[in-house]
Amino acid sequence: MKIEEFEFPDDLLYTKEHLWVKIEDGKARVGFTDLGQAFYKGIMHIDLPSVGEKFRLGDEISTFETIKSVSKINSPLSGKITRINENLKDNPEIINEDPYGKGWLFEIKMESPEEKEQLMGIEKAAPLFKEIIKREKERYAYLYE
Amino acid sequence: MVKLIPIAGFGDLRIYAKRGCLYSFYSSPYPAHPNHSAVDITTGGKRYDEIFSPVSGVIVDIKKIDAPKFSKNLDPEFITIIRYNDEYSFKIIHMKPTLEIGDYVSAGDTIGELIRTEYFSRINDLGIHIEIRKNNDLYRALGGMPLKPIVSEIRGETELVGRISESNEKYSIVKIEKSGASEHIRGLTCKVNGRNAFLDFGYPYLEYGGVIGARNGNVLLNNIKIGISRENIIKFNKFHVYANDLRVESITSVLSLKDKAEIKITPSIFERGERVEFKIKEVI
């Protein structure tokens with residue numbers, strides 16, 4: 001689905017914190033949405049978790065830096081990290097360039113499958129994302145005055 | 001020729017500004033500022049006006065970062081790296097360079113154009129952000145070298161009285177008639193444990209502020225304790241600012257290389273030329 005200028009693949013699940021989640025065989029691959037990466041243009045550094053580390057839903061799992069800001073990522077699920085995107089160490093800019101592809105962040109083995117219910121399909125997430133996009137566009141409306 | 005004034009240093013590296021500029025170490029929410037590793041310079045220039053280089057060196061990298069798609073009227077961001085020596089470089093953002101990789105630039109020469117990116121709020125004036133970085137860690141937000149503001153003894157005290165020099169739909173600027181001075185620098189002076197220091201802050205929209213010229217102690221503005229400074233960073237007490245007995249929403253004051261110190265207030269409630277007297281009141 002496309003919402004305004006932003007892409008949201010139909011086969012992914014989404015969080016309110018602008019992460020996408022793709023679940024297969026009890027493992028979840030996680031990355032930033034197209035809208036999420038727009039909030040963090042110019043990602044220049046990311047500290048990813050280590051393989052084997054365990055997190056609870058909502059735990060801080062990563063911090064990342066743009067050219068000027070520092071932000072954190074909270075875990076969208078409980079579980080153990082099984083894989084991280086090693087390419088991001090040398091080239092974190094691919095998070096912005098290809099958020100649904102080469103810019104994925106990490107994979108986590110789900111510990112509590114019922115947590116999937118807290119994630120949103122795109123139909124459910126769309127009104128929230130529309131509202132966020134509208135708010136951001138209003139924030140810059142003064143540029144046209 | 002416009003005189004260059006050294007405003008910050010790390011070792012023998014220097015960052016310069018010109019007369020007529022404002023500059024700030026501590027009036028930004030971005031983490032390099034409370035970490036003492038960034039300085040912002042504004043010239044009063046508008047979008048796409050020329051901007052001078054605040055440093056000397058060879059341009060070794062320019063990265064263009066697409067603007068977020070929230071507005072077609074936002075400019076792409078640029079990060080420009082200027083090599084100083086084998087160990088350190090300068091990082092400059094918020095300007096579109098007109099020079100190219102490989103060019104040598106001298107401090108004071110035109111280096112690019114001012115741009116409006118998502119890092120500027122409605123009330124921000126356009127300007128550049130400068131850091132000193134190790135050559136193996138050039139681009140990210142944290143990890144810059146600690147900058148030392150270059151300031152000599154600060155003489156004179158501030159009387160919180162001035163005239164509106166500019167008033168637009170966003171804010172009013174008050175030129176302070178009598179303020180502290182240190183050679184070319186003018187600023188709002190406070191007392192930090194009895195010693196004169198310049199205030200560099202935006203209140204209450206930032207959670208911290210800074211003092212230049214003193215490090216630790218109670219911070220008094222107009223004899224009212226507004227906070228406490230630890231290593232130049234102020235933790236504010238709660239206080240209100242009144243201008244001609246009208247409470248202002250926000251007050252910002254940074255270091256000035258103009259003939260007067262300036263205070264920016266919101267909302268814009270005065271006309272150009274009006275006399276304004278400020279009062280600070282503690283909130284108990």
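By convention in this document, chain letters (A, B, ...) are assigned in the order of the sequence lines, proteins followed by strands, and residues within each chain are numbered from 1. Just the heavy atoms: all of them, side chains too, but no hydrogens, waters or symmetry mates, feed the values below. Here the structure is a predicted model, which means the values were calculated and not measured.
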(message) Minimum heavy-atom separation for A38(A) and P68(B), please, with both atom names.
(response) O-CB, 3.3 Å
(request) Give, as side chain, backbone, both or neither, the part of N96(A) having an atom under 4.5 angstrom from any heavy atom of chain B. (result) neither
(message) Is it true that, when you exclude K264(B) itself, more than 12 heavy atoms of the residues, nucleotides or ligands shown sit nearer than 6.0 Å to its NZ?
(response) yes
(message) Could you check whether any side-chain N or O of K91(B) sits under 3.5 Å from a backbone N or O of I67(A), counting only pairs where one atom can act as donor and the other as acceptor?
(response) yes
(request) Could you grab the distance from atom CE of M44(A) to atom CD1 of I65(B), nearest 0.5 Å is fine? (result) 4.0 Å
(request) May I ask you to test the L35(A)-F70(B) pair for a side-chain heavy-atom distance under 4.5 Å? (result) yes
(message) Which atoms of L142(B) are under 4.5 Å from chain A, going by heavy atoms: the side chain, the backbone, both sets, or neither?
(response) both
(request) Pick one of side chain, backbone, both or neither for S121(B), based on which atoms fall under 4.5 Å of a heavy atom in chain A. (result) backbone
(request) Decide if atom NZ of K27(A) counts as having more than 12 heavy atoms of other residues, nucleotides or ligands within a radius under 6.0 Å. (result) no
(request) Output the option from E4(A), K41(A), E5(A) having the highest count of non-hydrogen pairs under 4.5 Å with chain B. (result) K41(A)
(request) Check each atom of A38(B) against the heavy atoms of chain A and say whether the ones under 4.5 Å are side chain, backbone, both or neither. (result) neither
(request) Could you look at K63(B) and say if it's the side chain, the backbone, both or neither that has a heavy atom under 4.5 Å from chain A? (result) side chain
(request) Determine whether more than 12 heavy atoms belonging to other residues, nucleotides or ligands lie under 6.0 Å from atom CZ of R47(B). (result) yes
(message) Would you say NZ of K80(A) has more than 12 non-hydrogen atoms from neighbouring residues, nucleotides or ligands within 6.0 angstrom?
(response) no
(message) Quick check on the interface: out of K137(A), E93(A), K68(A), who has the most heavy-atom pairs with chain B under 4.5 Å?
(response) K68(A)
(request) Would you indicate whether D25(A), at its atom CG, is surrounded by more than 12 heavy atoms from other residues, nucleotides or ligands within a distance under 6.0 Å? (result) no
(message) For E138(A), I'd like to know if atom CD has over 12 heavy atoms of other residues, nucleotides or ligands within 6.0 Å.
(response) yes
(message) Checking F39(A) against E118(B) for the side-chain contact (heavy atoms from CB on, under 4.5 Å) test, could you report, in this order, the C-alpha distance in whole Å, the side-chain angles of both residues, the deciding distance, and whether it holds?
(response) CA-CA 9 Å; F39(A) 281 108; E118(B) 72 269 27; over 6 Å; no
(message) I'd like to know whether CD of E123(A) has more than 12 heavy-atom contacts from other residues, nucleotides or ligands below 6.0 angstrom.
(response) no
(message) For the CG atom on D86(B), are there more than 12 heavy atoms of other groups (residues, nucleotides or ligands in this structure) within a distance under 6.0 Å?
(response) no
(message) Below 4.5 Å, heavy-atom pairs only: which of S69(A), G42(A), P92(A) has the largest tally toward chain B?
(response) S69(A)
